[in-house]
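All ligand and atom numbering here is 1-based and tracks the order in the structure.
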Amino acid sequence: MKALFEPEFIAVVGASNDERKIGHIVFSNLIRSNFKGTVYPINPKASEILGCKAYPSLTAVPGKVELVVICVPNTLVPSVMEESGIKGAEAVIVITAGFKELGKEGALLERKVGDIAKKYGMRVLGPNCMGIMNTHQRMNITFTNIHPMTGSIAIASQSGAVCSSMLDWSTKSKVGFSKFISVGNKVDIDEADLLSYLKDDPDTNVIGMYIEGANRGKELMSEAFRTSQVKPIIVLKSGRTSSGSKAASSHTGALSGSDKIYDAAFHQANVIRVNTIDELFDLLQVFANMPMPKGDGLAIVTNAGGHGVMAADACSDYGLRLASFEKSTIDKLKGYLPAAANLYNPVDVLGDATAARYEFAIKTVMEDPNVSCVAVLLAPLDTVDIKAVAEHVASFAGKVSMPVVGAFVGGTKTNVGIELMHEANVPCYDSPDKAIRALGAMVHYKKMREESGDTAPVVVEGDKQRVKDLIASVRRTGRTSLSESEGKEILRAYGVAIPAEITAATPEEAARAAARIGFPVVMKIDSPDIAHKSDVGGVMVGIGSESAVRQSFELMMSKVRSRVPGATINGITICQMVKGKEVLMGMTRDEQFGPVITFGLGGVFVEIMKDVAQRIAPLTRHDVDTMVRSIRSYAILTGARGGRAADIESLKDTIFRIAQIALDFPEISELEVNPVMVGDEGKGTYAVDALVVLRREN
Ligand code: ACO
């Protein structure tokens, strides 16, 4: 990676004297960026390119070549790769397009490129990429003629087009980059590799990424987690992976779309996810230029009450708190501001505010111990000197120990102030919402980092042999779906509590079983061919007597037989009726990330409510705490409206056990427990149902 980012000797294969050619543009950008190392243009037809002696081939270069940049047509790339290997290059950038994005043939060509790189131990960026920049080394190896300023933001993008948008934005917003990487098709170097390098890059303080899909989900998560402990990562993720969840037969499968999996992965890795390119820009600006806030208390200073209210509203959306000022702060403000000014947060310095009034109010609130960040709002009233306010904020923001941002709301008039602030590297937005969102992201990142504390996954001991034997016996029958009782056997082997139950083959057996378990009971059809029992009349609850059990037995059998003719029916299971709140737990397996654990409110409306959260196993305590707390209906579990609190500790314990089953048995492709009954505090959590599906054997 050092050879890629900090090379001394670079060769550009396909460099040309023809100004329209990409090889010419890449080479001329490298020269024009004032790169201090040695550059060799490689072209069999030219003797000199842009004043540099050209060589007919890489092997003709007299000295060492660390990095090779390839700008020749796709079919020539493998032979240039071979030559690069022979020449001893350590890294290659393949700008050339026409690989896997073109289909099968292109994919084969791309694989060839990857294989040659492996053979010679070279790292490859691309193919089909725009190249890289290292502004601190004055190195621009791309075919864009925008040379961004030196700065502390590293950008990695899977899309070349997004790259060009970011570069253009950087010049408008006066934002500087440390590194700029167009990753292209990722035949070798991917985001995980880049994070591992950027984590220790002293020139980079914040990392922005545009990702369409990860090649190595697990590696991306662990590198992102390590890196985000040191510097923030902001990701704009679009596109979708072809996750196996579409084919999933359980509710859990339908609930866990691939994009939700990325949500979980980013959450667990402390990555800040944004949804739009604007948001990415806004956040990069604040993280690159402002110190981290110490707390979540925000002070707002505004010349317009309306904007102040909007900003105050946005606080709760973005996890900020309007700071309550000390009495001394209020007294000080009162001593200087006009009588009509609002002295409490948001501080309204009034429509006729001068820059001096802004200055006094900002300085005063910053001295308050409850304030950790400041938003300066401005409406372009004719009485305000926008330039003077901007100059004042720009004179200290970024140099004090808390983040200060502006929101100058308007258009033509306010632009003067916004540009002035940008010149001084002070984030200034065109709406209160954007300013508060940016500050909120800082507080959110700080919290994520502080709270993720214990990184050790929870390990549960289970009876592996018992599960292995059971899976083997199911395999022998040629099935991939387990019956409910087989599924429960697996859960039991891992210590998940199951209500007492006995499967009965006749009405008489059922009545005797119910008497042993104790009334009321639940009756459920036991069939490996029926995944959703209640849909076919296979579940009856609250049966209170032996005679009712006998009757229900006959009724259920005839219903199920008529609705699912030909299904194998083992009998009817008589179960202890457990009380509690209904939740759902499940697992699906994602190609990229591995076992995805789903938790949410259960019941018949689960797919409508979609009140679920996901995490990727292995799970830490923090993962499970945040997963359980993050569902909208969490308050129901903690005892909303006078209800009793559920046994949340035993619920979490059950999640760990299910995650362990998923980790220990990769052959289980899906698992769902729905419902899980969570009793009142101290009463335990019971798996009432179990759906287990095995991976198909090839
Ligand atoms: N070694 C060195 N030079 C060579 C070799 C070789 N083995 N073979 C040919 N050359 C020379 C050529 O003679 C030519 O030089 P010349 O102008 O002096 O004659 C030069 O290399 C380039 O070769 P051409 O055949 O002219 O190829 P051209 O420049 O038309 O195309 C390119 C090459 C740009 C790599 C093209 O194949 C391509 O992939 N274009 C798309 C690039 C792209 O979009 N990448 C993704 C970016 S990300 C995004 O989408 C924004």
Side-chain angles (χ1 to χ4, degrees), residues 10-30 39-61 65 67-87 89 92-103 105-107 109-110 112-113 116 124-133 140-146 148 155-169 180-191 194 209-212 238-239 277:
I10 308 175
V12 180
V13 181
S16 160
N17 278 314
D18 183 340
E19 289 178 6
R20 292 161 305 174
K21 300 251 172 107
I22 283 190
H24 174 88
I25 303 168
V26 169
F27 190 70
S28 94
N29 279 339
L30 188 51
V39 290
Y40 302 109
I42 312 294
N43 185 314
K45 291 191 248 160
S47 57
E48 190 184 291
I49 296 173
L50 292 170
C52 299
K53 177 176 165 39
Y55 294 86
S57 67
L58 276 169
T59 42
V61 172
V65 172
L67 173 65
V68 175
V69 187
I70 303 182
C71 312
V72 292
N74 59 352
T75 49
L76 301 178
V77 172
S79 64
V80 179
M81 288 288 299
E82 280 285 351
E83 236 188 294
S84 307
I86 292 163
K87 183 68 189 162
V92 180
I93 300 173
V94 185
I95 305 268
T96 312
F99 290 88
K100 80 171 176 210
E101 76 279 9
L102 285 194
E105 250 175 66
L109 197 61
E110 187 164 319
K112 219 170 183 179
V113 168
I116 300 168
V124 186
L125 183 71
N128 187 25
C129 74
M130 205 168 156
I132 63 164
M133 296 183 195
N140 177 351
I141 318 181
T142 70
F143 56 87
T144 163
N145 59 8
I146 301 174
I155 293 284
S157 167
Q158 200 172 342
S159 150
V162 173
C163 281
S164 63
S165 302
M166 287 185 178
L167 285 166
D168 199 26
W169 164 76
F180 192 87
I181 311 125
S182 161
V183 292
N185 290 8
K186 300 189 274 193
V187 68
D188 172 30
I189 295 172
D190 64 7
E191 291 84 359
L194 293 174
M209 288 187 149
Y210 170 78
I211 300 182
E212 284 168 5
S238 70
I277 197 154

**Report entry** Distance-minimising heavy-atom pair for N140 and I146
**Finding:** ND2-O, 3.8 Å
Report task. Scan for salt bridge (Lys or Arg N to Asp or Glu O under 4.0 Å) pairs involving residues 77-87, sequence neighbours excluded, and state none if there are none. Result -> E82-K119
Query - Residues that N145 engages under side chain to side chain donor-acceptor pair (under 3.5 Å), provided they are two or more places apart - result: none
Requested in this report: Give every residue pair that meets the side chain to side chain donor-acceptor pair (under 3.5 Å) criterion with at least one member in residues 40-54, sequence neighbours excluded.
Outcome: none
Filter the ligand 1-protein atom pairs down to N or O on both sides and distance under 3.5 Å, then list them.
from	atom 1	to	atom 2	distance (Å)
ligand 1	15 (O)	N43	ND2	3.1
ligand 1	17 (O)	S16	OG	2.7
ligand 1	17 (O)	K21	NZ	2.8
ligand 1	18 (O)	N43	ND2	2.9
ligand 1	19 (O)	K45	NZ	2.8
ligand 1	26 (O)	K21	NZ	2.9
ligand 1	39 (O)	A97	N	2.7
ligand 1	45 (N)	I95	O	2.9

Query raised in the report: Is there a donor-acceptor pair closer than 3.5 Å between any side-chain N or O of N74 and the backbone N or O of T96?
Result: no
Report summary line: Here the gap from I95 atom CD1 to N128 atom CG, rounded to the nearest 0.5 Å, amounts to 10.0 Å
